[in-house]
Engineer: 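Please see the structure below; I have some questions.
Just so it is clear: chains get the letters A, B, ... in the order the sequence lines come, proteins before strands, and each one is counted from 1.
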There are 2 protein chains.
Amino acid sequence: MSSKKKTAISPTREEDYSEWYQQVIKEADLAEHSPVRGCMVIKPWGYGIWENIQKVLDEKFKETGHQNAYFPLFIPVSFLEKEAKHVEGFAKECAVVTHHRLEKKGDKLVPAGELDEPLVIRPTSEMIIGEMFSKWVHSYRDLPILINQWANIVRWEMRTRMFLRTTEFLWQEGHTAHATKEEALEETLKMLDVYADFAKNYLAIPVIKGQKSEGEKFPGADTTYCIEAMMQDKKALQGGTSHFLGQNFSKSCNIKFADIDGKETFCWTSSWGVTTRLIGALIMVHSDDDGLILPPRISPTHIVILPVVHKEDVAGEVASYCENLKSELTKINYFGRPLQVFIDKREIRGGEKKWQWIKKGIPLILEVGPRDIKEEALFVTRRDDKSSKSVKRSVFLETLVEELDSIQSALLLRATKFRDENIKEIKTKEEFYAFFTPENKEKPEIHGGFAKAYFCMDAKIEEKLKEDLNVTVRCIPLDHEDKEGICIFSKNKAARQVIFAKAY
Amino acid sequence: MSSKKKTAISPTREEDYSEWYQQVIKEADLAEHSPVRGCMVIKPWGYGIWENIQKVLDEKFKETGHQNAYFPLFIPVSFLEKEAKHVEGFAKECAVVTHHRLEKKGDKLVPAGELDEPLVIRPTSEMIIGEMFSKWVHSYRDLPILINQWANIVRWEMRTRMFLRTTEFLWQEGHTAHATKEEALEETLKMLDVYADFAKNYLAIPVIKGQKSEGEKFPGADTTYCIEAMMQDKKALQGGTSHFLGQNFSKSCNIKFADIDGKETFCWTSSWGVTTRLIGALIMVHSDDDGLILPPRISPTHIVILPVVHKEDVAGEVASYCENLKSELTKINYFGRPLQVFIDKREIRGGEKKWQWIKKGIPLILEVGPRDIKEEALFVTRRDDKSSKSVKRSVFLETLVEELDSIQSALLLRATKFRDENIKEIKTKEEFYAFFTPENKEKPEIHGGFAKAYFCMDAKIEEKLKEDLNVTVRCIPLDHEDKEGICIFSKNKAARQVIFAKAY
């Protein structure tokens with residue numbers, strides 16, 4: 001252990017992946033626990049990532065014809081009751097508002113003004129948005145309705161983990177209503193593509209698009225589609241879902257329209273969402289034992305400039321050089337926004353300062369001292385591979401966009417390679433159990449990765465696998481060969497291979 | 001009454017201002033009541049205004065050094081209790097979460113899983129953000145902290161009115177901590193200026209910047225500053241507030257820092273916010289008896305193109321001409337964003353379609369038919385004055401930005417004139433009572449406007465005026481002549497004149 005390389009994050013991924021994750025968040029100053037049970041505070045560096053996620057996705061939603069709106073935080077309990085499966089899925093973990101004021105009782109404040117009907121804080125908004133849709137839709141001319149909402153959501157989770165599972169979280173939820181089944185299904189798959197493209201092109205996270213099994217689908221959906229990504233501990237993380245809701249919610253919310261012949265029919269609806277969980281995925285896919293690594297296209301700031309001043313008499317010259325450099329850099333556009341550049345003028349040790357930025361995962365660090373200025377050069381460090389070199393200022397400016405793109409691609413490539421190396425086609429039940437059984441009992445997190453295997457989709461087998469191995473069907477991939485096979489568990493016919501994994 | 005001009009909104013402002021307001025919202029499709037008590041649904045046209053408000057203000061906050069973050073929706077009751085005045089101000093109207101799941105009991109779902117400590121949905125976030133600040137601030141080097149949050153807020157209002165007063169509403173809340181009193185006060189006033197400039201330059205609403213009286217200030221603040229605007233019924237609307245919190249919250253939340261000499265001191269804090277209420281102000285300041293009027297700089301869409309097709313055989317030509325026109329228009333930038341242009345292709349009567357857009361308040365309507373195309377002209381309607389004329393396409397394109405600016409200025413000018421005509425300097429108590437007493441008892445809303453009068457700031461007199469006339473001190477204007485006078489009520493010395501009005 002004494003020969004071990006010193007890392008900025010302790011423990012390392014290998015030593016304790018779960019604790020490493022918490023430490024990366026802490027050292028990058030992304031978020032922290034709040035004094036409210038299960039709720040976190042998203043700090044500026046973390047929220048900056050969410051703002052960029054919002055900006056890009058919001059544009060894509062608008063380009064695909066959606067409009068934003070806002071619906072109430074509260075859902076009357078009677079609304080939830082309308083859809084049996086839906087309520088079953090959410091009633092067990094929701095915040096319930098029962099009173100509308102506080103009253104002094106001795107020195108304590110106690111709830112007063114009991115409500116006639118309790119309200120639930122939205123765990124998702126199908127029921128309240130469906131209720132409004134039922135008022136908005138009368139004729140086929142009112143369709144489709146294409147709405148999105150950016151909002152906070154509450155699900156009372158017992159075990160929470162920052163970004164991945166918190167009682168309150170931020171998300172967007174799209175809700176649409178259509179005249180035909182085909183159109184609603186097309187919308188569902190279109191938005192799945194938007195998510196998959198965004199994950200790949202902005203977050204540098206390769207995902208597998210697929211369909212959920214019956215056991216894993218959204219309560220009330222006909223079909224749930226998802227994007228699944230592999231983390232560095234080879235577990236799966238569901239990065240987004242798109243639900244084809246059939247006529248289930250239009251029936252429970254009474255969303256009807258008169259078609260072109262005047263005949264009344266129920267609408268076909270969809271809903272789809274991604275959450276602040278994506279930030280958890282971002283952390284776990286790219287970061288290393290020195291902290292966070294951010295893809296340039298989503299990083300709140302692209303470049304930090306560190307003035308290097310050893311003698312007071314050069315401070316002024318270095319400072320103005322840095323300001324000038326910054327203003328030149330911010331004129332450059334990168335992926336739809338001006339380059340974000342920050343000069344870190346804090347009076348702390350240079351080494352410490354640089355390491356703070358490495359831990360924050362900023363794509364490029366520029367160190368500028370009197371010698372660099374004299375040589376018209378910059379000392380450039382890339383966060384992704386931690387390579388450093390002195391580069392002529394003019395060359396740096398000229399090649400900057402390519403440099404950022406090269407970081408972006410390198411991250412995507414690394415993540416894709418890692419994932420593909422850890423997907424294995426499994427042929428027998430024995431092999432399957434071995435794949436998911438840790439060799440070292442003290443490291444239960446170490447296992448094979450994603451298993452691809454023929455499966456007959458029997459829910460009982462799925463339950464048993466979850467019990468035995470904590471493994472679930474992550475998805476039935478959409479891009480699969482249509483080749484029948486034999487289920488490795490039941491020996492029955494299986495229409496196709498599915499992806500199994502342990503999951504967050 | 002039979003000779004009365006037909007208006008698109010009924011009743012008119014004169015007939016029933018309050019109902020007129022509701023009808024403008026309905027006909028412009030801005031928002032509607034939800035089935036959840038006191039909560040509204042903000043529809044795309046209304047939410048589009050909020051998105052633009054967010055976009056502009058968010059930029060201004062960032063330019064002035066603030067960063068966004070996100071804090072929990074829930075506040076433990078014990079946190080609220082820490083600041084006596086604060087809890088007094090908010091305990092009477094807050095949503096209280098007491099349970100964390102629902103359980104079947106017969107066919108009903110009832111709250112279950114009672115919480116050890118009830119949680120309040122944030123009515124404002126001083127206490128939870130203060131708690132976090134107390135962890136983040138150690139030394140003077142950590143200061144200032146300049147944070148903003150975009151969030152939803154709940155205050156259990158008994159009488160609600162769309163945009164003006166709803167149980168849940170959207171807002172931004174800035175929270176800052178500083179090393180000195182001067183710095184915190186400077187911040188408080190700087191953000192008040194940001195609000196006033198935004199109201200004037202984007203919403204075309206002239207505001208009076210001022211300080212609140214003791215009775216009207218924020219619970220827990222040392223001083224509350226505000227911007228006050230006059231609606232068309234001559235009532236006041238508080239458009240935003242900026243609070244100098246002194247050391248009140250830093251003491252109750254324990255936000256301490258070691259100064260440069262190592263001495264521990266409490267921070268000085270500020271908070272400031274604007275809400276979706278601004279949309280209510282926008283409606284009430286500019287709209288007329290034909291509906292909403294939107295200033296171009298804040299309108300979700302600047303221009304609607306209405307293809308005029310009387311014969312099927314020209315439909316194709318008109319459609320492609322409109323598309324071409326749109327793509328030319330969207331290349332033009334107006335106040336930091338590309339012009340937003342919409343082609344309304346719906347198959348409804350042309351007249352009805354045009355009136356829908358007039359009621360929605362879109363700045364410019366372009367009608368394009370075969371004759372216009374032949375003449376290379378457009379039939380242009382300005383919403384603010386409802387003037388229409390045929391304009392050569394090339395001239396329209398060349399003068400478009402000026403045309404939009406002229407609408408923007410005309411709205412600001414009209415609102416400023418109206419306000420200034422309805423501010424009166426009042427010299428005696430009798431005159432004051434007459435100013436605020438309706439001549440026609442059946443129209444209690446008709447009164448003089450804003451009264452400017454010398455006042456000794458005696459809280460008891462203020463209370464009496466509220467009781468007698470429903471009039472309050474709106475603010476002590478910041479831009480005032482420092483000329484002493486005699487209070488018109490008590491005949492005591494008064495340091496300056498203040499603004500009185502009935503208010504929303």
Engineer: Can you check whether Glu168(A) reaches Phe71(B) side chain to side chain, under 4.5 Å on heavy atoms?
Structural biologist: no

Engineer: Taking Ala112(A), Cys94(A), Pro118(A) one by one, which has the highest count of heavy-atom pairs under 4.5 Å against chain B?
Structural biologist: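 Result: the option with the highest number of such pairs is Cys94(A).
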
Engineer: What part of Asn148(B) gets closer than 4.5 Å to chain A, counting heavy atoms only: side chain, backbone, both or neither?
Structural biologist: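 When you check distances to chain A, no heavy atom of Asn148(B) falls under 4.5 Å.
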
Engineer: In the structure I gave you, are the side-chain heavy atoms of Phe74(B) and Val154(A) within less than 4.5 Å of one another anywhere?
Structural biologist: yes

Engineer: Taking the inter-plane angle between the rings of His100(B) and Trp156(A) on a 0 to 90° scale, is it parallel (under 30°), tilted (30 to 60°) or perpendicular (over 60°)?
Structural biologist: parallel

Engineer: Identify the residue among Val96(B), Val97(B), Val120(B) that makes a side-chain contact (heavy atoms from CB on, under 4.5 Å) with Val97(A).
Structural biologist: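 Looking at Val96(B), Val97(B), Val120(B), the match for Val97(A) under the side-chain contact (heavy atoms from CB on, under 4.5 Å) is Val97(B).
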
Engineer: Might you confirm whether atom NZ of Lys326(A) has over 12 heavy atoms from other residues, nucleotides or ligands at distances under 6.0 Å?
Structural biologist: yes

Engineer: So which residue, Leu80(A), Asn152(A), Val77(A), ends up with the most heavy-atom pairs under 4.5 Å with chain B?
Structural biologist: Asn152(A)

Engineer: What orientation do Tyr47(A) and Tyr70(B) show, parallel under 30°, tilted 30 to 60°, or perpendicular over 60°?
Structural biologist: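 Ring orientation of Tyr47(A) relative to Tyr70(B): parallel.
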
Engineer: Among Pro300(B), Pro72(B), Cys39(B), which has the most heavy-atom pairs under 4.5 Å with chain A?
Structural biologist: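 If we count pairs closer than 4.5 Å to chain A, Pro72(B) comes out on top.
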
Engineer: Relative to chain A, which segment of His66(B) carries a heavy atom at a distance below 4.5 Å: side chain, backbone, both, or neither?
Structural biologist: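 Looking at His66(B), nothing touches chain A.
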
Engineer: For the residue pair Glu32(B) and Lys135(A), establish whether any side-chain heavy-atom pair is separated by less than 4.5 Å.
Structural biologist: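 With C-beta onward as the side chain, the pair touches.
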
Engineer: With a sphere of 6.0 Å drawn around CD of Glu63(B), does it hold more than 12 non-hydrogen atoms of other residues, nucleotides or ligands?
Structural biologist: yes

Engineer: Checking heavy atoms, do the side chain of Phe79(B), its backbone, both or neither come under 4.5 Å from chain A?
Structural biologist: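 Answer is side chain: those atoms of Phe79(B) sit under 4.5 Å from chain A.
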
Engineer: With no hydrogens and no angle check, is any side-chain donor or acceptor of Glu131(A) less than 3.5 Å from a backbone partner on Pro35(B)?
Structural biologist: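 It does not hold such a pair.
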
Engineer: Looking at Glu88(B) and Lys104(A), is there a salt bridge between them, counting it only when a charged N and a carboxylate O are closer than 4.0 Å?
Structural biologist: no

Engineer: If you count heavy-atom pairs under 4.5 Å between each of Trp50(A), Trp45(A), Trp136(A) and chain B, which one has the most?
Structural biologist: Trp136(A)

Engineer: In Å, rounded to the nearest 0.5 Å, how long is the span from CZ of Arg346(A) to CZ of Arg141(B)?
Structural biologist: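 With rounding to 0.5 Å, CZ (Arg346(A)) is 11.0 Å from CZ (Arg141(B)).
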
Engineer: Check whether Lys62(B) gets within reach of chain A through its side chain, its backbone, both or neither, counting any heavy atom under 4.5 Å.
Structural biologist: side chain

Engineer: Please say whether more than 12 non-hydrogen atoms of neighbouring residues, nucleotides or ligands are located less than 6.0 Å from NZ in Lys82(A).
Structural biologist: yes

Engineer: Taking every non-hydrogen pair under 4.5 Å, which of Leu170(B), Ile348(B), Ile75(B) racks up the most with chain A?
Structural biologist: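 Greatest number of close heavy-atom pairs with chain A: Leu170(B).
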
Engineer: Walk me through whether Val36(A) and Leu73(B) qualify under side-chain contact (heavy atoms from CB on, under 4.5 Å).
Structural biologist: CA-CA 9 Å; Val36(A) 187; Leu73(B) 174 69; over 6 Å; no

Engineer: If you take all heavy atoms of Met132(A) and Ser34(B), which pair is closest and at what distance?
Structural biologist: SD-CA, 4.3 Å

Engineer: Does a side-chain heavy-atom distance below 4.5 Å link Val41(B) with Ile128(A)?
Structural biologist: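 Answer no - side chains too far apart.
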
Engineer: Lys43(B), Gln67(B), Gln149(B): which one forms the most heavy-atom pairs within less than 4.5 Å of chain A?
Structural biologist: Lys43(B)

Engineer: Measure distances from Ile147(B) to the heavy atoms of chain A and classify the residue's part below 4.5 Å as side chain, backbone, both or neither.
Structural biologist: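 Only the side chain of Ile147(B) comes within 4.5 Å of chain A.
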
Engineer: Is Glu51(B) close to chain A through its backbone or its side chain, or both, or neither, when contacts mean heavy atoms under 4.5 Å?
Structural biologist: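 Answer is side chain: those atoms of Glu51(B) sit under 4.5 Å from chain A.
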
Engineer: Taking side chain as everything from C-beta outward and backbone as N, CA, C, O, which of these in Val110(A) sits under 4.5 Å from a heavy atom of chain B? Side chain, backbone, both or neither.
Structural biologist: neither

Engineer: What residue in His99(B), Lys92(B), Lys108(B) has the most heavy-atom pairs under 4.5 Å with chain A?
Structural biologist: His99(B)

Engineer: Using a 6.0 Å cut-off, check whether atom CD of Glu347(B) has over 12 heavy atoms from anything other than its own residue.
Structural biologist: no

Engineer: Any non-hydrogen side-chain atom of Arg37(A) less than 4.5 Å from a side-chain atom of Leu119(B)?
Structural biologist: no

Engineer: Looking at Leu109(A), is its backbone amide N or carbonyl O close enough to the side chain of Glu81(B) to form a donor-acceptor pair, meaning the two atoms are under 3.5 Å apart?
Structural biologist: yes

